[in-house]
Amino acid sequence: MDRIASIEALTRKALWLSNWMIHHANHIRPNVDGVKVGGHQASSASMAAIMAALYFGVLKPEDRVAVKPHAGPVFHAIQYIFGKQSLEKLQNFRAFGGAQSYPSRTKDTDDVDISTGSVGLGVAFTAFASLIQDYVRAKPWADTSRPEGRMVALVGDAELDEGNVYECLLEGWKHGLRNTWWIIDYNRQSLDGVVREGLYDRIEAIFRAFDWNVVTIKYGALQRAAFAEPGGEKLKAWIDAAPNAIYSALMFRGGAAWRERLSDEIGDQGAVSALLARRSDAELAELMANLGGHCVPSLLEQFEAAGSDKPTVFIAYTVKGWATPLAGHKDNHAGQMTGAQIDQLRQAMNVREGHEWERLEGLADPAAIERFLAGVPFNTAETRRHTAPPVATIGPQFVGTGATSTQTAFGKILDSIAKTDSDLARRIVTTSPDVTVSTNLGTWVNRRNLYANREMVDVFQKEAIPSAQKWRFTPEGQHLELGIAEMNLFLALGAAGLSHSLFGERLLPIGTLYDPFISRGLDALNYACYQDARFLLVATPSGVSLAGEGGAHQSIASPLIGMAQDGLASFEPAFADELAVIMDWAFDYMQRSGDARPDLADWPRDVTGGSVYLRLSTRSIEQVPREVDKALTDGIIRGAYWLKPPTPECEAVIAYQGVLASEAIAAAGALGGDRRNVAVLAVTSADRLNAGWHAAQRARLHGDHAARSHIEMLLADIPYRAGLITAIDAHPATLGWLGSVLGHRTITLGVEHFGQTGTVNDLYAHFGIDAAAIEHAGRSLMGGRQ
Ligand SMILES: Cc1ncc(C[n+]2csc(CCOP(=O)(O)OP(=O)(O)O)c2C)c(N)n1
Ligand SMILES: [Mg+2]
């Protein structure tokens with residue numbers, strides 16, 4: 001059996017198993033709650049041949065693939081054929097513990113390279129993965145003996161509606177993108193219906209504009225042979241002119257309908273009538289379905305001809321629902337075959353009843369296929385997922401005790417790291433969407449340079465024009481300068497944050513942006529976390545504390561995003577020494593992968609690690625001169641410590657997070673004087689405090705009655721009658737829950753409405769978060785006693 005015949009046979013297997021998997025999940029497995037299970041038979045069928053040609057023919061172990069989310073079943077079927085996916089997981093497709101609905105590198109066990117789900121993101125991720133591959137390989141410390149991989153996206157045509165695809169094309173062009181393949185499943189259908197006519201021309205023009213190779217795989221081998229027959233050119237002209245909707249509708253209706261339509265429109269033209277007459281209805285339907293994207297020899301030919309490393313888009317014409325009764329129907333996106341239809345497909349695939357799950361059931365020569373599979377290049381590597389040893393941290397970098405802002409301190413801490421000759425400094429890569437200088441990365445960049453795939457001098461420096469920024473671009477540079485698109489920032493952080501796994505080289509990525517613009521890239525941030533990428537996100541400035549910048553730049557919700565985002569530990573330090581401690585911890589936390597660390601046990605995620613988000617500010621505040629001992633370090637990392645501890649007579653507690661430290665301290669002074677005890681709780685991470693509290697609650701519910709979280713232990717120091725005032729330059733709900741930990745009466749201060757320009761004092765007074773407002777709230781809780 002030759003290679004092409006083997007891959008064609010395996011295409012049919014992948015088609016069958018993917019459709020059967022979905023059918024089983026929806027119609028055979030008991031449905032206990034009546035909620036639709038779902039799965040996409042037509043979208044899977046559309047890609048079966050493309051994926052078979054890639055996985056069984058063209059891909060190498062070093063390639064990395066993002067599979068269109070709704071073709072997940074084909075991916076799982078192929079892995080099953082390789083022997084890398086269990087029957088049990090397939091039978092539990094979309095069930096608890098089973099194969100995931102959409103390929104997931106964290107939840108699936110069968111070698112998913114790049115998760116997908118939110119359309120467009122997996123596509124763009126491949127471009128950033130390729131940039132990161134180049135970045136890493138340009139470094140003197142990299143092991144370049146490993147072969148370079150291609151980053152491949154299998155793209156639904158409607159994914160091209162997503163703006164982030166174009167944002168990444170532009171960025172890729174700027175950085176000299178290489179080794180990237182996007183294979184578009186051009187079935188001209190989306191979820192709701194058939195796409196607009198003429199889309200092909202737009203797509204082609206766009207990719208050419210960005211200097212990509214464009215390879216169109218329009219006709220299958222059968223069609224090309226028919227075009228060569230007398231009258232064939234008429235048939236080709238008809239296919240080329242056919243509106244998408246007509247083609248789809250006829251695909252659905254089948255051979256007789258094709259004959260009727262073609263006979264009506266071109267059938268009186270002599271040779272072409274004979275061409276049609278030579279074929280049965282079934283053969284005619286097969287011919288018209290033989291678009292390039294379903295033709296294994298055509299696909300292999302084009303993939304194998306693409307020799308250069310220039311980014312290449314393949315536009316593969318396909319039919320949604322190919323080779324199934326769903327083919328071409330405009331409502332087929334979530335449509336599924338009936339029992340009778342799946343039975344018909346089973347028979348057409350030569351699969352015996354009761355043998356539906358067997359790997360090679362129905363194939364003419366299973367032994368030959370096994371031999372073929374054993375030699376498939378993609379299947380030869382033992383493991384395709386790498387690891388990299390952790391990079392040692394170097395301890396907190398304290399940068400003085402003069403009044404400062406956390407943003408300024410961040411720049412100094414990074415500069416202090418940049419000065420060291422350490423692995424940590426070498427493995428850090430910084431990136432920013434056009435806010436490098438305004439987020440204080442400038443000094444780091446001056447020392448460590450910008451990354452480019454070739455040397456470029458700083459023209460301003462060469463022309464002797466004085467500037468604080470020395471922008472030298474070099475392959476060894478450690479800053480990846482991005483355009484303004486925040487989606488790109490998070491995609492880049494996602495790719496860099498998986499470098500250890502994708503490319504076997506550890507990176508410690510740091511991305512900076514303005515805090516409010518996290519929302520602009522939120523889905524890509526969520527996506528990066530979902531893939532378990534590891535990075536440090538530094539968001540600054542934040543809140544109304546940036547005053548004069550006005551409402552459009554003032555973030556309100558970001559601490560709540562930080563709390564709710566899985567995989568992201570968020571902090572909002574007030575003081576430079578806290579920031580130094582948190583950054584040092586973050587570099588370790590980003591590299592954890594499951595080794596037990598019992599000393600940090602109050603948040604389960606501490607064991608596995610994750611990414612870290614720092615919400616910083618440009619507002620300078622007085623620092624607290626102090627020794628940062630172990631207890632203080634622990635408190636900072638756990639999320640809170642007593643800045644002014646309570647006494648047994650404590651009447652009120654002011655709990656603040658971030659830059660309102662100064663207001664909280666002033667209010668505590670005014671409220672307490674030397675007569676009563678007003679304690680101040682410095683919260684560095686509402687997120688970790690809250691997660692620890694939840695973890696302790698769960699532990700107690702599961703029988704560990706002694707479990708206590710950090711916040712419970714801290715608040716146990718204050719009498720029950722004491723009042724609690726929380727204050728934050730953000731939404732008050734961030735800290736509002738503190739009152740429910742032990743039931744203290746609580747007033748929550750914060751910002752709930754868009755701000756406006758003004759001085760810090762104006763805005764703090766306006767929103768009631770200044771020292772006077774905190775004091776006022778405190779008095780009301782202390783029962784009006786003066
Ligand atoms: C960001 C996002 N929006 C919406 C969806 C829901 N959705 C899933 S697939 C799809 C249509 C995809 O069409 P296409 O890419 O052409 O794939 P096909 O099924 O035709 O192969 C939509 C809207 C999603 N997954 N992600
Ligand atoms: Mg489509």
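Every number for a ligand or one of its atoms is a count from 1 in the order of the listing. The structure presented is a predicted model; accordingly, all values stated were derived computationally and were not measured.
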Could you identify the single nearest non-hydrogen protein atom to [atom] and state the distance to 0.1 Å?
{"atom": "atom 4 (C) of ligand 1", "result": "Val119 CG2, 4.6 Å"}
{"atom": "atom 20 (O) of ligand 1", "result": "Gln189 O, 2.7 Å"}
{"atom": "atom 16 (O) of ligand 1", "result": "Asp157 OD1, 2.5 Å"}
{"atom": "atom 19 (O) of ligand 1", "result": "Ser43 OG, 2.6 Å"}

Quick check: [Y] with [X] (ring centres under 6.0 Å apart)?
{"X": "Trp181", "Y": "Phe314", "answer": "yes"}
{"X": "Trp258", "Y": "Tyr247", "answer": "yes"}
{"X": "Trp212", "Y": "Trp173", "answer": "no"}

(Q) Just to check, does Gly117 reach to within less than 4.0 Å of ligand 1 when the distance is taken from its heavy atoms? (A) yes
Decide yes or no for [X] and [Y]: does some side-chain heavy atom of the first lie under 4.5 Å from some side-chain heavy atom of the second?
{"X": "Val123", "Y": "Leu154", "answer": "no"}
{"X": "Leu482", "Y": "Asp434", "answer": "no"}
{"X": "Thr116", "Y": "His70", "answer": "no"}

Taking only heavy atoms of [X] into account, list the atoms of ligand 1 that are under 4.0 Å away from them.
{"X": "Lys68", "result": "18 (P), 21 (O)"}
{"X": "Asp185", "result": "21 (O)"}
{"X": "Glu159", "result": "15 (O)"}
{"X": "Lys320", "result": "18 (P), 19 (O), 20 (O)"}
{"X": "Ser118", "result": "1 (C), 26 (N)"}
{"X": "Ala158", "result": "13 (O), 14 (P), 15 (O), 16 (O)"}

Q: Taking all non-hydrogen atoms of both residues into account, name the closest pair between Ala45 and Asn19 and its distance.
A: CB-ND2, 4.5 Å
Q | Minimum non-hydrogen distance to atom 7 (N) of ligand 1, winning option of Leu191, Val195, Leu154 | A | Leu191
Q) When the ring planes of Tyr317 and Tyr200 are compared, do they come out parallel, tilted or perpendicular, using 30° and 60° as the limits? A) tilted
Q.
Between Asp157 and Arg188 (side chain of the first, backbone of the second, donor and acceptor by atom type, cut-off under 3.5 Å), is there such a pair?
A. yes
Q: Could you tell me whether a side-chain N or O of Ser570 sits under 3.5 Å from a main-chain N or O of Gly562, the two making a donor and an acceptor?
A: yes
Which part of [X] is near ligand 1, with near meaning a heavy atom under 4.0 Å away: side chain, backbone, both or neither?
{"X": "Val155", "value": "neither"}
{"X": "Asn187", "value": "side chain"}
{"X": "Glu162", "value": "side chain"}

Q) ligand 1 and Ser46, any nitrogen or oxygen pair closer than 3.5 angstrom? A) no
Q: Please confirm whether His70 comes within less than 3.5 Å of ligand 1 when only nitrogen or oxygen atoms on both sides are compared.
A: yes
Q) Under the criterion side chain to side chain donor-acceptor pair (under 3.5 Å), which of His40, His23, His27 is the partner of Gln336? A) His27
Q) Roughly how far, to the nearest 0.5 Å, is the OG1 atom of Thr318 from the CG atom of Asn187? A) 4.0 Å
**Q.** Non-hydrogen protein atom less than 4.0 angstrom from atom 2 (C) of ligand 1
**A.** yes
Q | Partner set under ring pair (Phe, Tyr, Trp, His ring centres under 6.0 Å) for Phe56, not counting sequence neighbours | A | Phe82
Q: Can you run down the ring-ring contact (aromatic ring centres under 6.0 Å, His included) pairs that involve residues 100-123, sequence neighbours left out, and say none if there aren't any?
A: none
Q | Partner set under side chain to side chain donor-acceptor pair (under 3.5 Å) for Asp309, not counting sequence neighbours | A | Arg178
Q. Taking the Mg ion (ligand 2) as the center, what protein N, O or S atoms are found at less than 2.8 Å?
A. Asp157 OD1, Asn187 OD1, Gln189 O
